Amino acid sequence: MDDFLSHIEVRLQSAFGSNTLLSQTGGHLCLASGAKRVRPLLTAYFGSALNIPAQDIIPFAISSELIHSASLLHDDVVDAGEMRRGRPTVNAQWSNSVAVLSGNHLLSLALRELKPYSPAITQEAISVVDEMTRAAILELQMRNSKVHTIDDWRLMATGKTGSLFAFCGTSVALYAGDNFAAQAFKQAGHHIGTVFQLVDDLSDLQEDLKNLEGSYPRLLSLNGHTEPVDACKAELRVQAALAFESLGKWRDTEGGQQIKIWLDQLSCFAS
């Protein structure tokens, strides 16, 4: 896996190697220290579950990372964020306009990675960007709101985080020509995204309450739940179990077991 990630780093460094403003701003977060490469790793785990050579799925891993980085640039504009990963955001260091255009550039690079492959894979990526955008709008609407529900939260979590995790699986499955695996991995990705959003909500409890974010615990509190944090932890455990269960016959593969280890680590937030 270290060799796989090394290839990812080399390709990303190459993508932002020119001395242009777009290269500086596009790589500002994407190449920052502390980037965990969660999505490339998940792509590798899904690929391993289907016995696909790691070098074959590097473009899908890079595409997922570029889409994720683009979403961070856009999120920082929406939230007027000033710091991320220990350094000034692009919008703070340059401007909102530069951040938005840089995010758009990253999306174009992500789609370019997929050009040699089946149009179905590119269409999946386009659908992901659409879902993430819709979820971002919903997240904005949920702030300072007393009318949104847990169902709204689930829709937001699936679109904001789960859709891209799903792409990590559907892209490699479609590359392998396995539509059954694509459906299973998409469902697993959606549950994994929900797990990640629950972890975020547990990590940012006080800040979310202060900013009146539409977090899982806050929505439960608004609806009269007396133990919203415990309920959030319980839901995290449920979603982690569902994510692994969704892998079906690929649970016992090396890739499936790597995903289980990863989910177990995330479940520590529910302890």
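Please read all numbers here as calculations on a predicted model, not as lab measurements.
- N91 and T89 share a donor-acceptor pair across their side chains, judged by distance under 3.5 Å alone.
- When each of R11, R37, R39 is checked for a side-chain hydrogen bond (donor to acceptor under 3.5 Å, both in side chains) with E65, only R37 meets the rule.
- No side-chain heavy atom of R134 sits less than 4.5 Å from a side-chain heavy atom of E131.
- Proximity of I261 to Q265: side-chain heavy atoms (C-beta onward) are separated by under 4.5 Å at one or more points.
- At a threshold of 4.5 Å between non-hydrogen side-chain atoms, the residues T253 and L50 do not count as touching.
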Task: Residue pair V98, L22: steps toward the side-chain contact (heavy atoms from CB on, under 4.5 Å) verdict - done: CA-CA 8 Å; V98 169; L22 275 178; over 6 Å; no
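- Here the straight-line distance linking atom NZ of K233 with atom CG of L198 works out to 12.5 Å at 0.5 Å rounding.
- D230 CG to E235 CD: the interatomic distance, rounded to the nearest 0.5 Å, is 13.5 Å.
- Looking only at distances, no side-chain donor or acceptor of D76 sits under 3.5 Å from a matching main-chain atom of L73.
- Of the residues S71, S63, S64, the one that meets the side chain to side chain contact (heavy atoms under 4.5 Å, CB included) test with L164 is S64.
- For R154, the CZ atom counts as densely surrounded, since its 6.0 Å shell holds more than 12 non-hydrogen atoms of other residues, nucleotides or ligands.
- Within a 6.0 Å radius of CD in Q93, more than 12 heavy atoms belonging to other residues, nucleotides or ligands are found.
- A distance of 10.5 Å separates CG in L263 from CD in Q239, rounded to the nearest 0.5 Å.
- There is no path of hydrophobic side-chain contacts, each under 4.5 Å, that joins L72 to I137.
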Task: Full working for side-chain contact (heavy atoms from CB on, under 4.5 Å) between L220 and Y216 - done: CA-CA 6 Å; L220 287 180; Y216 193 94; 3.4 Å; yes
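- Surrounding CD of E254 are at most 12 heavy atoms belonging to other residues, nucleotides or ligands under 6.0 Å away.
- Taken together through direct or relayed side-chain contacts under 4.5 Å among Ile, Leu, Val, Met, Phe, Trp and Tyr, L155 and V129 form part of one hydrophobic cluster.
- Atom OH of Y175 is separated from atom CG of D56 by 3.5 Å, given to the nearest 0.5 angstrom.
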Open item on the list: Apply side-chain contact (heavy atoms from CB on, under 4.5 Å) to residues T43 and F167 and explain how you reach the verdict.
Closed with: CA-CA 8 Å; T43 304; F167 173 76; over 6 Å; no
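- H28 places a side-chain N or O within 3.5 Å of a backbone atom of P88 that can act as its donor or acceptor partner.
- At a threshold of 4.5 Å between non-hydrogen side-chain atoms, the residues F4 and I58 count as touching.
- By the 30° and 60° cut-offs, the orientation of the rings of W250 relative to F180 is tilted.
- The two residues L222 and K146 have their closest heavy-atom pair at CD1-CA, 4.2 Å.
- Remark: H105 NE2 is packed, more than 12 non-hydrogen atoms of other residues, nucleotides or ligands lying under 6.0 Å away.
- Distance OG/S171 to CZ/F46: 9.0 Å, rounded to 0.5 Å.
- The same ILVMFWY cluster, assembled from side-chain heavy atoms under 4.5 Å apart, contains both L29 and L31.
- I62 has its side chain out of reach of P40: every pair of non-hydrogen atoms, C-beta onward, lies at least 4.5 Å apart.
- Side-chain atoms of S14 do not come within 3.5 Å of backbone N or O of V10 as any donor-acceptor pair.
- Rounded to the nearest 0.5 angstrom, M132 CE and S127 OG are separated by 13.0 Å.
- When all heavy atoms of I52 and A176 are compared, the pair lying nearest together is CD1-CB, 3.9 Å.
- For the pair V38 and W262, the minimum side-chain heavy-atom distance is below 4.5 Å.
- Judged by distance alone, the side chain of N223 and the main-chain N or O of L219 form a donor-acceptor pair under 3.5 Å.
- By the criterion of side-chain heavy atoms lying less than 4.5 angstrom apart, applied directly or through intervening Ile, Leu, Val, Met, Phe, Trp or Tyr residues, L107 is not grouped with V77; the two fall into different hydrophobic clusters.
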Open item on the list: For L109 and L106: C-alpha separation, side-chain torsions, deciding distance, then whether side-chain contact (heavy atoms from CB on, under 4.5 Å) applies.
Closed with: CA-CA 5 Å; L109 293 179; L106 291 184; 4.3 Å; yes
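- Of the possible polar contacts, one joining the H74 side chain to the V100 backbone as a donor-acceptor pair under 3.5 Å is found.
- Inter-residue side-chain proximity for L41 and Y45 is flagged as met; some heavy-atom pair is nearer than 4.5 Å.
- Here the rule is side-chain hydrogen bond (donor to acceptor under 3.5 Å, both in side chains) with S145, and of R143, H148, Q141 only H148 fits it.
- A heavy-atom distance below 4.5 Å is not found between the side chains of V90 and N96.
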